Colleague: 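What follows is a single structure, and I will ask about it in a moment.
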Amino acid sequence: MISRKLVQHPLLPSKIRHSLPYSKLKSPTLFNTPFLPKSPSILATNLIKSYFEMGLFKDARTLFDEMPQRDVVAWSAMISGYTSCNLHARAWIMFREMLRDATDVQPNEFTFSSVLKACKGMNTVSCGALVHSLVVKYGVLGSIYVGNALMEMYATCSDGIENACSVFEEIVVKNAVSWTTLIAGYTHLGDGKGALRVFRQMLLEEVELNPFTVSIAIRASASIGSHIYGKQIHAAVFKRGYESSIPVMNSILDMYCKCIGLSEAYRCFQGMVERDIITWNTLIAGYEKSDPYEALNLYSNLESEDLTPNRFTFTSVIASVANMAVLRLGEQVHGSTIKRGLVDELGVANSLIDMYAKCGNITNSCKIFNEMESKNVVSWTSMMIGYGSHGHGDEAVDLFNKMVTSGVKPDRIVFVAVLNACSHTGLVDEGLKYFESMTSVYKIKPDQEIYGCVVDLLGRAGRVKEAYELIEAMPFMADESVWGAFLGACKAHKVSEFVKLAASRVLELKPSVSGTYLALSSIYAADGKWGDFARIRKLLRGMGSKKEAGRSWIEVRDRIYSFVAGDKLGSHIESVYEVVDIFGLHMKEVGYSSDLESLIHNLDDGT
DNA sequence: GTAGGGTTAG
């Protein structure tokens with residue numbers, strides 16, 4: 001948008017022409033009214049800002065270059081303009097140019113807070129630290145804007161939260177932005193507890209809250225799954241009248257989706273007086289995994305409120321389709337993203353890779369992946385998971401190496417992907433090498449999920465004893481997922497000496513997992529220990545739980561048919577059995593004999 | 001005339 005001040009100016013046409021030369025920016029003589037800008041320099045700066053607002057950074061630069069005198073305001077406007085267009089490196093170059101060429105101009109607090117934003121955007125803490133030293137040199141550390149920008153830079157750049165904390169401590173008079181920035185820093189780092197610790201301190205110091213602080217605090221409590229804390233904050237929001245703030249309510253909606261439940265979330269959604277596209281996106285994302293049909297239903301209703309789906313909407317919608325694994329629907333949604341010009345958005349392309357892989361079309365995943373102009377760690381991970389699930393573990397591992405070569409820094413989740421790929425391809429030693437490099441090269445601390453992957457990697461290959469030793473050597477207590485992976489390995493390789501131990505650990509840690517009882521009982525049965533078998537089965541019945549049925553589905557022409565093992569319902573079931581029989585014959589032909597031993601013992605609960 | 005924090009992706 002063109003600022004009103006400019007449009008009102010008599011020298012400018014109602015629509016700004018591009019590349020308006022500096023020489024045209026003369027002080028107005030015809031309409032010498034008091035509200036008009038006074039000097040060409042001020043006018044030029046105004047125009048520079050407008051150019052950036054319209055994304056015309058080249059025109060901004062041309063005008064800037066034509067200025068005979070550039071003061072600190074013009075320089076700062078350029079630096080901040082570039083960052084506002086996400087051109088952080090250009091902003092940084094501008095700052096360097098300013099220090100080098102404009103010896104008569106001194107950077108001020110505006111310059112520093114803008115260039116710090118550029119450092120944050122480049123994720124380059126070394127530049128940020130350099131600016132930090134200049135901030136001290138120029139004596140502007142006392143500016144609350146500079147202090148907050150420094151904190152934000154450190155909090156966002158890798159491993160900088162401690163530096164952010166020490167800057168925070170040094171700010172004598174902190175304001176709500178300082179607190180919010182620190183809370184956001186912890187939250188984005190995934191340290192919800194750290195964030196809530198700061199939030200609590202803020203409450204103790206009786207700092208006035210505002211919607212910004214409240215929404216990030218809600219996100220922090222959602223990230224640790226604390227519905228108690230989340231509900232407390234919801235009550236506080238209600239008390240302070242923040243429910244009129246859409247971002248605050250969106251955070252609450254997200255918290256309900258993640259920690260409380262979808263039906264409650266839906267009630268929250270219906271209770272909202274005002275909703276925006278993020279509101280809808282949040283709910284669609286909430287439904288995406290557990291009820292993708294409802295997610296699609298919401299998507300089709302969204303335009304009734306005159307809202308336009310954006311890249312986030314499509315990311316969740318595509319993920320929903322991926323979870324439904326209905327290729328034709330996926331192709332339709334893919335078409336919509338093309339029509340709306342969103343197909344090249346990073347997040348959208350990433351979810352398309354995942355969707356095509358989950359719908360069985362790995363070729364399309366590849367095509368999208370290869371045609372992407374820029375890829376991030378999510379793109380690589382999605383492609384690797386796709387390859388892995390299609391049995392191309394070698395390609396997935398290969399991709400990991402290519403990713404590292406291309407300069408993308410691996411994160412924790414990409415290690416989950418590469419370890420899984422190694423595990424399913426039998427690349428055990430290769431996988432162990434990656435696991436080792438995770439800490440030694442990339443300084444990422446392995447968590448329960450990673451240990452689970454490595455236990456699975458060793459266990460699948462029959463190296464059960466090593467898997468057990470790894471669990472023993474873990475720096476923290478293994479949770480039920482790690483023991484679950486171990487149990488799976490013991491079961492697969494019939495290492496009964498460890499089964500009891502593994503199963504009892506899983507049961508201790510998560511008694512609600514009925515699958516564990518089943519696994520344990522199967523092993524007892526296979527060992528002929530019928531007394532133990534009966535005892536476990538009795539426990540299982542006492543729980544009133546059933547093994548969760550794995551649902552399968554198939555798309556034939558325009559219909560989706562779904563079924564579970566042992567299904568006797570539905571008119572299509574007979575055809576399913578026919579197909580299963582054909583599969584059985586094919587498998588026999590290639591010499592596969594099924595492992596009936598453990599199957600038999602599972603038959604009695606109908607799954 | 002130049003600067004700030006919040007909600008939705010593997």
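Just so we're on the same page: letters track the sequence lines, and every chain starts at 1. Just so it is clear, the structure is predicted and the values come from calculations on it, not from any experiment.
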Colleague: Starting at NZ of A:K117 and ending at P of B:dG4, how long is that distance when rounded to a whole Å?
Modeller: 5 Å

Colleague: A:T282 side chain N/O closer than 4.0 Å to the phosphate oxygens (OP1, OP2) of B:dT7?
Modeller: no

Colleague: Could you tell me the separation between the CG atom of A:D254 and the P atom of B:dA9, rounded to a whole number of Å?
Modeller: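 One finds 7 Å between P of B:dA9 and CG of A:D254, rounded.
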
Colleague: Determine the contact category for A:A217: base if any of its heavy atoms lies under 4.0 Å from a base atom, sugar-phosphate if only primed atoms, P, OP1 or OP2 are that close, otherwise nothing.
Modeller: nothing

Colleague: If you look at every strand shown and take non-hydrogen atoms under 4.0 Å, does A:V377 touch a base, only sugar-phosphate, or nothing?
Modeller: base

Colleague: For the pair made of CD1 in A:I385 and P in B:dA9, what is the distance, rounded to whole Å?
Modeller: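 Distance check: A:I385 CD1 to B:dA9 P gives 16 Å.
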
Colleague: Taking only residues two or more places apart in sequence, or in another chain, which ones meet A:Q232 in a side chain to side chain contact (heavy atoms under 4.5 Å, CB included)?
Modeller: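 Side chain to side chain contact (heavy atoms under 4.5 Å, CB included) list for A:Q232, sorted by chain: A:I228, A:Y229.
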
Colleague: Send over the distance from A:L253 CG to B:dT7 P, rounded to a whole Å.
Modeller: 14 Å

Colleague: Ignoring hydrogens and geometry beyond distance, is a side-chain donor-acceptor pair present between A:D65 and A:T62 at under 3.5 Å?
Modeller: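 There is no such pair between these side chains.
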
Colleague: Would you say A:K49 places a side-chain N or O within less than 4.0 Å of OP1 or OP2 belonging to B:dT2?
Modeller: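 A:K49 to B:dT2 OP1/OP2: side-chain N or O found under 4.0 Å.
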
Colleague: Please report, rounded to the nearest Å, how far the P atom of B:dT8 is from the OH atom of A:Y287.
Modeller: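 The answer, rounded to whole Å, is 18 Å.
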
Colleague: I need the CE-P distance between A:M384 and B:dG10, as an integer number of Å.
Modeller: 16 Å

Colleague: Indicate whether OP1 or OP2 belonging to B:dT7 is found under 4.0 Å from a side-chain N or O atom of A:H188.
Modeller: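 Result: yes.
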
Colleague: What nucleic acid atoms does A:T45 come within less than 4.0 Å of, heavy atoms only: base, sugar-phosphate, or nothing?
Modeller: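 Since a base atom lies under 4.0 Å of A:T45, the category is base.
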
Colleague: Describe the nucleic acid contact of A:I278 in one word from base, sugar-phosphate, nothing, applying a heavy-atom distance below 4.0 Å.
Modeller: base

Colleague: How many whole angstroms separate atom CZ of A:F52 from atom C1' of B:dA3?
Modeller: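 Rounding to the nearest Å, CZ of A:F52 and C1' of B:dA3 are 15 Å apart.
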
